[in-house]
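These values consider heavy atoms only, across backbone and side chains, with no hydrogens, waters or symmetry-generated copies.
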Amino acid sequence: LLEESKCTEKDICILFQKNSDASFVAGKLLECGYKVTSSESLLLANNPNIQLLISTLIAVQNNGDPFYLQQWLSRLNQTNKLRSDYHETASWIKKAKPRMHELIKKLELNLSIDRTKLDSFNALLYLAKFFELNLNDLFVRKLLDFSLEFETTLMYLKSTFLDKWESEKSKLCIDPSGDANAINIMTIHKSKGLEFPVVFVYLPEFG
């Protein structure tokens with residue numbers, strides 16, 4: 001496509017409405033060997049799969065808190081891991097105020113809470129495999145590396161892994177291409193894309 005259009009990566013801008021969509025597409029482009037530059041889409045905190053993994057740990061830690069259970073349910077739905085009706089289950093959480101294991105049972109997930117309470121690296125590795133995430137995904141690999149570094153060098157600190165995540169998530173990202181000739185990934189509120197010769201607007205399917 002680039003050869004046919006006679007344009008280079010730096011001429012292209014892809015606009016997104018949501019950071020999560022931008023993050024997903026940026027990761028796929030990098031996997032395919034394209035150079036990508038972005039101030040938002042490369043952040044781990046904006047990646048849907050990472051949000052699912054972290055929200056699972058948070059929901060387990062705050063067992064029984066409806067807010068975090070609802071958040072986890074939303075992440076399951078966002079990543080297409082939810083086989084039950086989202087709105088019906090959300091309403092049930094609000095009324096029944098279940099514990100985490102009760103919600104897991106209702107969703108018919110064979111998810112082991114005990115394994116999510118292991119050290120952060122093994123807990124995240126277990127969850128990534130459970131949710132059938134690609135372990136070679138750049139975002140997943142970065143999170144696993146981050147958790148492994150925490151477990152091997154920072155365990156002596158009084159803070160937990162989730163504390164460390166909270167303090168670092170605004171700057172924790174996969175490495176950008178570092179090349180000026182790279183595809184620009186932006187959200188619409190950051191740029192209208194008018195400064196680029198070629199602009200694509202990402203329109204996710206509805207429903």
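Hydrophobic clustering keeps Phe121 apart from Leu118 (ILVMFWY residues linked when any side-chain heavy atoms are closer than 4.5 Å, directly or through intermediates). Hydrophobic clustering places Ile113 together with Leu109 (ILVMFWY residues linked when any side-chain heavy atoms are closer than 4.5 Å, directly or through intermediates).
Put simply, CD1 on Ile50 and CG on Leu44 are 5.0 Å apart, with the number rounded to the nearest 0.5 Å. Taking NZ of Lys10 as the reference point, atom CD1 of Ile183 lies at 13.5 Å (rounded to 0.5 Å). The line from CG of Leu143 to CG of Asn49 is 10.5 Å long, rounded to the nearest 0.5 Å. Annotation: the span from Leu124 atom CG to Glu151 atom CD amounts to 9.0 Å, rounded to 0.5 Å. Considering OG1 of Thr89 and CG of Leu73, their distance stands at 5.5 Å, rounded to 0.5 Å. In this structure, the separation between CZ on Arg99 and NZ on Lys105 is 15.5 Å, given to the nearest 0.5 Å.
With sequence neighbours excluded, no residue satisfies side chain to side chain donor-acceptor pair (under 3.5 Å) with Ser147. The side chain to side chain contact (heavy atoms under 4.5 Å, CB included) search around Ser167 returns Lys164, not counting sequence neighbours. The side chain to side chain donor-acceptor pair (under 3.5 Å) test applied to Glu166 returns Lys169, not counting sequence neighbours. In this view, Phe146 and Phe161 satisfy the ring pair (Phe, Tyr, Trp, His ring centres under 6.0 Å) rule, not counting sequence neighbours. Checked against side chain to side chain contact (heavy atoms under 4.5 Å, CB included), Ser74 has the following partners two or more places apart in sequence or in another chain: Tyr86. With sequence neighbours excluded, no residue satisfies side chain to side chain donor-acceptor pair (under 3.5 Å) with Lys81. Legend: residues meeting side chain to side chain donor-acceptor pair (under 3.5 Å) with Asn122, ordered by chain and number and at least two apart, are Asp119. Legend: residues meeting salt bridge (Lys or Arg N to Asp or Glu O under 4.0 Å) with Lys129, ordered by chain and number and at least two apart, are absent. Take Asp145 and apply the side chain to side chain contact (heavy atoms under 4.5 Å, CB included) test, not counting sequence neighbours, and it matches no residue.
Shown here for Leu43 and Ser170, the closest heavy-atom pair between the two residues is CD2-O, 3.5 Å. The heavy-atom pair separating Pro48 from Thr79 by the smallest distance is O-CG2, 3.6 Å.
A donor-acceptor pair under 3.5 Å links the side-chain atoms of Thr152 to the main chain of Leu148, judged by distance alone. A side-chain donor-acceptor contact under 3.5 Å links Tyr126 to the backbone of Ser112. Counting only distance, with no hydrogens or angles, the side chain of Asn63 and the backbone of Met100 share a donor-acceptor pair below 3.5 Å.
The shortest side-chain heavy-atom distance between Phe150 and Glu168 does not fall under the 4.5 Å cut-off. Proximity of Pro66 to Lys94: side-chain heavy atoms (C-beta onward) are nowhere separated by under 4.5 Å. Side-chain contact between Ile14 and Leu29 is present, with at least one heavy-atom pair separated by less than 4.5 Å. Counting heavy atoms from C-beta on, the side chains of Arg141 and Leu144 never come closer than 4.5 Å.
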In a table with atom names and distances, give each donor-acceptor pair under 3.5 Å that connects a side chain of residues 130-137 to protein atoms at least two apart or in another chain.
from   : atom 1 : to     : atom 2 : distance (Å)
Asn134 : OD1    : Asn136 : N      : 2.9
Asp137 : OD2    : Phe139 : N      : 2.9
Asp137 : OD2    : Val140 : N      : 3.0

Please list, one pair per line, the donor and acceptor atoms closer than 3.5 Å that link side chains of residues 51-62 to other protein atoms, with sequence neighbours excluded.
from  : atom 1 : to    : atom 2 : distance (Å)
Gln51 : OE1    : Arg75 : NH1    : 3.2
Gln51 : NE2    : Ala45 : O      : 2.9
Ser55 : OG     : Gln51 : O      : 3.0
Ser55 : OG     : Leu52 : O      : 3.0
Thr56 : OG1    : Leu52 : O      : 2.7
Thr56 : OG1    : Trp72 : NE1    : 2.9
Asn62 : ND2    : Ile58 : O      : 2.9

